[in-house]
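What's counted below: heavy atoms across the whole structure, side chains too, no hydrogens, waters or symmetry copies. We count residues from 1, following the sequence as given.
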Amino acid sequence: MKAGIVGLPNVGKSTLFNCLSNAKAQSANFPFCTIEPNIGVVNVPDPRLEKLESLVNPERVIPATVEIVDIAGLVKGASKGEGLGNQFLANIRETDAILHVLRCFDNDNIVHVDGNVNPIRDKETIDMELQLKDLETVEKKLDKVKRAAKTGNKEAQKEEVVLLRIKEALESGISVRAIEFSEEDDIDYVKPSHFITDKPVMYVCNVDEGAAVSGNSYVDQVKEAVKDEDAEVIVLAVGTEADINELDDYEERQMFLQDIGLEEAGSAKLIRGAYKLLNQQTYFTAGVKEVRAWTVNIGATGPQAAGVIHTDFEKGFIRAEVIAYDDYVQYGSESKVKEAGKMRVEGKNYIVKDGDVMHFLFNV
């Protein structure tokens with residue numbers, strides 16, 4: 001699962017990506033690796049993992065990860081191939097969620113492609129290009145579906161109604177994610193088309209250091225503009241985060257954060273936000289060899305969670321022994337949790353909860 005960083009040129013996308021790639025501010029040990037020049041795998045900061053490590057004292061600790069993609073800056077006309085438009089749109093189509101960086105700071109030394117700072121205009125520029133690309137997609141699909149609908153194909157007739165709604169919305173400047181569909185229509189007709197504007201989005205307001213804690217008037221404008229989108233807005237002083245990352249000493253980095261009024265690096269919040277945006281959650285395995293955070297989709301069953309470790313675990317799943325994270329911390333060890341009768345045995349229909357500490361029994 002990948003989250004793509006998008007935005008106009010010079011809004012701070014690459015600085016943010018490089019900030020995540022350096023990633024020293026989030027914790028004392030927070031590695032990152034680059035798969036390609038513009039793709040990085042970032043560990044998800046999770047204090048629960050550190051707590052389990054202190055209780056179990058394992059040989060190694062492995063955190064959950066999320067892939068972040070730095071996508072080339074988009075310009076007006078990208079949907080028609082302007083600038084790096086085609087490459088941009090191909091890259092964004094391959095991601096599962098969008099981190100949309102908006103410039104929310106004034107600085108005469110950093111040129112804005114449109115001459116002045118206006119995050120709402122910038123947002124609308126990108127929205128429009130993505131909507132135009134989706135409009136192209138829906139029109140192509142409608143051509144085929146209409147032909148099938150005319151032959152009396154009931155399924156095609158249903159799909160035509162949904163696609164016409166999407167077309168009408170896009171022509172009015174409304175993104176697909178803002179349209180309400182029945183669950184059945186969403187699964188059958190919307191999701192298979194992979195519309196770019198259907199992807200979940202988080203708006204990253206890039207501010208100066210003075211606005212890092214409480215934002216500014218630009219941020220207020222963004223929050224007002226996206227209030228009907230069901231989208232999260234995060235405030236991040238990207239330049240300041242980059243400065244913090246230049247410090248080698250963990251304690252110094254923490255002091256810098258405290259000096260500007262932050263409890264933790266904003267990039268840590270962003271990574272956790274991206275993880276949530278991708279509809280993902282964490283369960284843990286805890287033993288003397290390894291304490292590990294595993295990633296599963298929200299709503300995953302016990303067998304699906306086991307399958308993340310190995311496909312054989314899912315195929316041969318018998319049951320799962322489950323301890324709630326809070327119980328593990330309260331009692332301090334697996335044996336004491338068992339003594340207190342707080343370990344549960346769950347079957348194939350169990351829906352995994354965020355923070356579950358799990359042990360699987362399987363047979364292959």
*Can you pull the side chain to side chain donor-acceptor pair (under 3.5 Å) pairs that have at least one residue in residues 145-156, sequence neighbours excluded?*
E155-Y189
_Tell me the closest heavy-atom pair linking F181 and V176, and the distance in Å._
CE1-O, 4.0 Å
_Where E53 and P58 come nearest, the two heavy atoms and their spacing_ = O-CD, 3.5 Å
*Can you pull the salt bridge (charged side-chain N to carboxylate O under 4.0 Å, His left out) pairs that have at least one residue in residues 267-288, sequence neighbours excluded?*
E264-R272
*Are the side chain of N216 and the backbone N or O of Y218 linked by a donor-acceptor pair below 3.5 Å?*
yes
*Taking atom CG of N363 and atom CD1 of I318, what is their separation to the nearest 0.5 Å?*
5.0 Å
*asked:* Rounded at 0.5 Å granularity, tell me how far CG in L135 sits from NZ in K140.
replied: 11.5 Å
*Atom CD1 of I179 and atom CZ of R177: how far apart are they, to the nearest 0.5 Å?*
10.5 Å
*What pairs with R344 under side chain to side chain donor-acceptor pair (under 3.5 Å), at least two apart in sequence or on another chain?*
E346, Y350
*Distance from C104 atom SG to D220 atom CG, nearest 0.5 Å?*
9.5 Å
Enumerate donor-acceptor pairs with a distance under 3.5 Å from any side-chain N or O in residues 302-316 to protein atoms, sequence neighbours excluded.
unit_1	atom_1	unit_2	atom_2	d
Q304	OE1	T301	N	2.8
Q304	OE1	T301	OG1	3.3
H310	ND1	D312	N	3.0

*Given the rule that I, L, V, M, F, W and Y join up when any side-chain heavy atoms are under 4.5 Å apart, are I98 and L278 in one cluster?*
yes
Would you give me the side-chain donor-acceptor pairs under 3.5 Å for residues 286-296, sequence neighbours excluded?
unit_1	atom_1	unit_2	atom_2	d
E290	OE1	R60	NE	2.9
E290	OE1	R60	NH2	2.6
W294	NE1	T285	OG1	2.8
T295	OG1	Y275	OH	3.0

*Among all residues two or more places apart in sequence or in another chain, which pass the side chain to side chain donor-acceptor pair (under 3.5 Å) test with S54?*
none
_Set of side chain to side chain contact (heavy atoms under 4.5 Å, CB included) partners for K342, sequence neighbours left out_ = D327, Y331, V337, A340
_Within the structure provided, determine whether V357 and Y283 are in side-chain contact (heavy-atom separation under 4.5 Å)._
no
*Is the Lys NZ or Arg CZ of R103 less than 6.0 Å from the centre of F105's six-membered ring, within 45° of the axis?*
yes
*At their closest point, which heavy atom of Q280 faces which heavy atom of N297, and how far apart are they?*
CG-OD1, 3.9 Å
*Mind checking salt bridge (Lys or Arg N to Asp or Glu O under 4.0 Å) for E334 and listing every partner two or more places apart, or none if nothing turns up?*
K338
*Exercise: identify the closest heavy-atom pair between I351 and G299*: CD1-O, 3.8 Å
*asked:* Which heavy atom of L99 sits nearest to which heavy atom of A274, and what is that distance?
replied: CD2-CB, 4.2 Å
*asked:* Within the structure provided, determine whether D356 and I323 are in side-chain contact (heavy-atom separation under 4.5 Å).
replied: no
Show me, pair by pair, the donor-acceptor contacts under 3.5 angstrom made by side chains of residues 202-215, not counting sequence neighbours?
unit_1	atom_1	unit_2	atom_2	d
Y203	OH	E229	OE1	2.7
Y203	OH	E229	OE2	3.3
N206	OD1	V238	N	3.1
N206	ND2	V11	O	2.9
D208	OD1	A211	N	3.4

_Nearest-0.5 Å distance, NZ of residue K123 to NE2 of residue H100_ = 7.5 Å
*So with a 6.0 Å cut-off around CG of N349, is the heavy-atom count from everything else above 12?*
no
*Step-by-step side chain to side chain contact (heavy atoms under 4.5 Å, CB included) determination, I68 to V66*: CA-CA 6 Å; I68 305 287; V66 63; 4.3 Å; yes
*Sequence neighbours left out, what pairs pass side chain to side chain donor-acceptor pair (under 3.5 Å) with at least one residue falling in residues 192-202?*
D134-T197, K141-S193, K191-D198
*Check the hydrophobic clustering (I, L, V, M, F, W, Y; side-chain heavy atoms under 4.5 Å; chains of links allowed) and say if I120 and V101 are grouped together.*
yes
*Transitively linked via ILVMFWY side-chain contacts under 4.5 Å: V201 with I92?*
yes
_Gap separating the CD atom of E252 from the CG atom of D259, nearest 0.5 angstrom_ = 11.0 Å
*Between the side chains of N43 and T65, is a donor N or O closer than 3.5 angstrom to an acceptor N or O?*
no
*Would you please test L16 and L270 for side chain to side chain contact (heavy atoms under 4.5 Å, CB included) and show each step?*
CA-CA 10 Å; L16 174 59; L270 184 141; 4.0 Å; yes
*Is I196 reachable from L102 through a run of I, L, V, M, F, W or Y residues, each pair having side-chain heavy atoms under 4.5 Å apart?*
yes
*Closest approach of R93 and K133, non-hydrogen atoms and distance?*
NH2-CG, 3.7 Å
*For L262 and Q258, what are the C-alpha separation, side-chain angles and deciding distance, and is it a side chain to side chain contact (heavy atoms under 4.5 Å, CB included)?*
CA-CA 5 Å; L262 294 174; Q258 285 165 12; over 6 Å; no
*Heavy-atom side-chain proximity of P63 to V44 below 4.5 angstrom*: no
Side chains of residues 159-169: which donor-acceptor pairs under 3.5 Å do they make with residues two or more places apart or in other chains?
unit_1	atom_1	unit_2	atom_2	d
R165	NH1	E180	O	3.1
R165	NH2	E180	O	2.9
K167	NZ	E171	OE2	2.8

*Do the side chains of M343 and F317 join up, straight or via other hydrophobic residues, at under 4.5 Å, putting them in one cluster?*
no
*Using the side chain to side chain contact (heavy atoms under 4.5 Å, CB included) rule, take I5 and V69 through it: C-alpha gap first, then chi angles, then the decisive distance, then the call.*
CA-CA 6 Å; I5 302 175; V69 186; over 6 Å; no
*For residues 38-49, which residue pairs qualify under salt bridge (charged side-chain N to carboxylate O under 4.0 Å, His left out), counting only residues two or more places apart or in two chains?*
D46-R48, R48-D354
*Give a yes or no answer on whether the side chain of S182 reaches the backbone of D185 with a donor-acceptor pair at less than 3.5 Å.*
yes
